[in-house]
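This report refers to the structure that appears directly beneath it.
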Amino acid sequence: MFADMYNELQGNVSGVDQAYARTLIQEAWEDVRRLGGWSFQFGETGFTVPGALSTGTVTLQFGSPTVIGDALATAAWATTSQFGSLITQRQFRSGGVSGAGTMYDIIAFDGASTLTLNRPFTDPLTVMTAPDPVQKYMIYQPYIAAPVKGFRRWLSVFDIANSGWLFTRGDRREVGLDDPQRQIFSNPSALLALGTDTRLNSSTAGWQRYELWPGPQNRYLYQAWYLWSGPDLVLPTDTLPYGIPESMVKARARYRCYEQAEANKDAANPRGAGADYRFLMGAADKQYGAELKQARLEDRDRIDIFNSPLHRFKGGP
């Protein structure tokens with residue numbers, strides 16, 4: 001348990017307070033996770049993107065982030081927003097007079113007739129100085145957030161209905177040459193990195209985001225497997241994943257603790273006086289290395305199914 005680990009660490013070196021002990025344990029746990037390839041870092045998820053919505057019309061104003069829907073539009077918005085695909089997870093486009101509108105994130109819906117975009121609407125309109133009604137629009141979801149905060153990368157994403165694997169290592173520059181205006185809509189074939197989520201008040205702020213391309217106008221269901229960094233230690237009652245011994249993480253934390261203690265020893269002390277933190281660093285590092293090797297061996301069988309190529313032989317798989 002996290003509390004037991006940092007409380008024990010406080011007794012290893014005099015003068016270490018609880019806040020610093022917590023930091024050392026967390027840094028040691030991050031060292032272990034950064035090695036990668038642990039069984040607890042493999043995750044499975046699924047997600048659905050909805051079909052495109054263009055019922056009714058909207059009123060837009062150049063320079064304003066507010067979108068006001070007519071009766072048909074607002075009725076559709078109220079019923080389409082649901083768990084797994086809230087309307088505030090989707091994107092908004094309106095052609096205006098250019099015919100190819102830019103992409104906006106919907107960051108708020110008042111539950112009635114008003115949407116709020118993540119930035120002022122800057123596509124050209126017929127009326128540029130006042131609200132312009134009866135505008136066609138489209139709401140759909142080409143952008144998705146990663147399934148967890150410490151997401152690292154996709155292993156595979158499978159389109160259930162169409163029995164196809166999405167390409168998860170695509171180059172945005174190539175897609176930009178083929179479809180810079182994002183006017184191609186079809187079964188998505190690629191999941192492209194899109195940076196981090198910077199939407200205001202987003203529940204996934206700072207998480208990685210991805211773009212489905214070509215644009216999904218219909219409903220699609222995906223089964224996905226991924227790698228992530230693993231759980232953080234936050235609450236005193238948090239525990240390490242199965243197969244990770246506390247003694248290994250504590251040994252790594254002691255190494256960091258002794259390293260700081262050695263660096264901050266009083267140079268005026270007589271030679272040989274006080275604890276030899278260099279010796280203690282070596283002992284802690286040796287214990288960490290030995291336990292890490294054993295933990296890796298025991299964990300290997302749990303991840304071989306993900307990392308080993310499978311072959312078909314005559315008579316069976």
Side-chain angles (χ1 to χ4, degrees), residues 45-96 100-123 125 131-149 151 157 159-161 181-183 185-188 191-192 194-222 224:
T45 189
F47 60 94
T48 299
V49 292
L53 177 65
S54 57
T55 303
T57 62
V58 296
T59 297
L60 300 168
Q61 182 168 357
F62 187 81
S64 171
T66 299
V67 177
I68 300 175
D70 65 9
L72 291 175
T74 54
W77 299 347
T79 58
T80 192
S81 184
Q82 55 189 291
F83 174 77
S85 184
L86 301 174
I87 198 168
T88 50
Q89 294 176 290
R90 306 183 193 184
Q91 284 66 51
F92 176 91
R93 299 183 78 173
S94 177
T102 55
M103 203 92 69
Y104 297 84
D105 284 312
I106 301 172
I107 61 172
F109 173 45
D110 68 354
S113 62
T114 304
L115 303 175
T116 303
L117 307 180
N118 64 317
R119 65 180 190 277
F121 188 82
T122 55
D123 294 11
L125 296 166
D132 198 349
V134 197
Q135 295 292 316
K136 295 181 179 180
Y137 73 96
M138 179 172 66
I139 292 174
Y140 67 126
Q141 192 178 353
Y143 298 164
I144 63 165
V148 290
K149 180 180 180 181
F151 185 85
V157 181
D159 182 342
I160 298 293
Q181 296 174 308
R182 297 303 191 264
Q183 292 289 84
F185 298 93
S186 181
N187 295 350
L191 197 56
L192 309 170
L194 192 66
T196 57
D197 187 355
T198 59
R199 295 174 295 172
L200 184 67
N201 299 323
S202 172
S203 61
T204 56
W207 296 23
Q208 294 186 53
R209 280 216 298 176
Y210 292 83
E211 178 187 2
L212 285 165
W213 182 86
Q217 282 190 311
N218 299 315
R219 180 180 297 174
Y220 295 96
L221 169 64
Y222 298 99

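Just so you know, these numbers use all the heavy atoms, side chains as well, and skip hydrogens, waters and symmetry mates. Just so we're clear, the structure is a prediction, and the values are computed from it rather than from any experiment.
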Rounded to the nearest 0.5 Å, the CZ atom of R199 sits from the CD1 atom of I106 at a distance of 10.0 Å
Supply the atom-to-atom distance Q91 CD to I139 CD1, rounded to the nearest 0.5 angstrom. 10.0 Å
From the list R90, Q217, R93, side-chain hydrogen bond (donor to acceptor under 3.5 Å, both in side chains) with Y140 holds only for R93
Determine whether F185 and M138 satisfy the following criterion, side-chain contact (heavy atoms from CB on, under 4.5 Å), listing intermediate values before the conclusion. CA-CA 12 Å; F185 298 93; M138 179 172 66; 3.6 Å; yes
Is F121 close to V67 at the side-chain level, that is, under 4.5 Å between some pair of heavy atoms? no
Determine, step by step, whether Y222 and D159 satisfy the side-chain contact (heavy atoms from CB on, under 4.5 Å) criterion, reporting the C-alpha distance in whole Å, the side-chain angles of both residues, the deciding distance to 0.1 Å, and the verdict. CA-CA 5 Å; Y222 298 99; D159 182 342; 3.8 Å; yes
Note, Y104 side chain near T122 side chain (heavy atom, < 4.5 Å): yes
Side chains of S54 and K136 in contact at under 4.5 Å (non-hydrogen atoms): no
Restricting to non-hydrogen atoms, name the atom on F151 and the atom on Q208 that form the minimum distance, rounded to 0.1 Å. O-NE2, 2.7 Å
Just by distance, do the side chain of T80 and the backbone of W77 share a donor-acceptor pair under 3.5 Å? no
Can you give me the closest heavy-atom contact between T204 and A145, atom names plus distance? OG1-CB, 3.8 Å
Quick one: are D132 and F62 in side-chain contact, heavy atoms under 4.5 Å? no
If you define the side chain from C-beta out and look only at heavy atoms, does anything of Q61 sit under 4.5 Å from T66? no
Value for CG (L194) from CG (L212), rounded to nearest 0.5 Å, stands at 10.5 Å
Can you see which heavy atom on A76 is nearest to which on T55, and at what distance? CB-CB, 3.9 Å
When you look at CZ of R119, are more than 12 heavy atoms from neighbouring residues, nucleotides or ligands closer to it than 6.0 Å? yes
Smallest heavy-atom separation, P188 atom then P216 atom, equals CG-CB, 3.8 Å
Specify the closest pair of heavy atoms between T59 and P131, including all atoms of both residues, with the distance to one decimal. CG2-CB, 3.8 Å
Would you please say whether a donor-acceptor pair under 3.5 Å links the side chains of Q135 and Y137? no
Got D105 and R209 here, is their nearest side-chain heavy-atom distance under 4.5 Å? yes
Do you know which two heavy atoms are closest between W213 and L192, and how far apart they sit? CB-CD1, 4.1 Å
Reported CG-to-OG1 distance for the pair D70 and T57, which is rounded to 0.5 angstrom: 3.5 Å
Is there a side-chain contact (heavy atoms from CB on, under 4.5 Å) between N118 and T198? Walk through the geometry before answering. CA-CA 9 Å; N118 64 317; T198 59; over 6 Å; no
Pairwise distance CG(L60) to CG(L117) - rounded to 0.5 angstrom: 8.0 Å
Pairwise distance CG(L115) to CD1(I107) - rounded to 0.5 angstrom: 10.5 Å
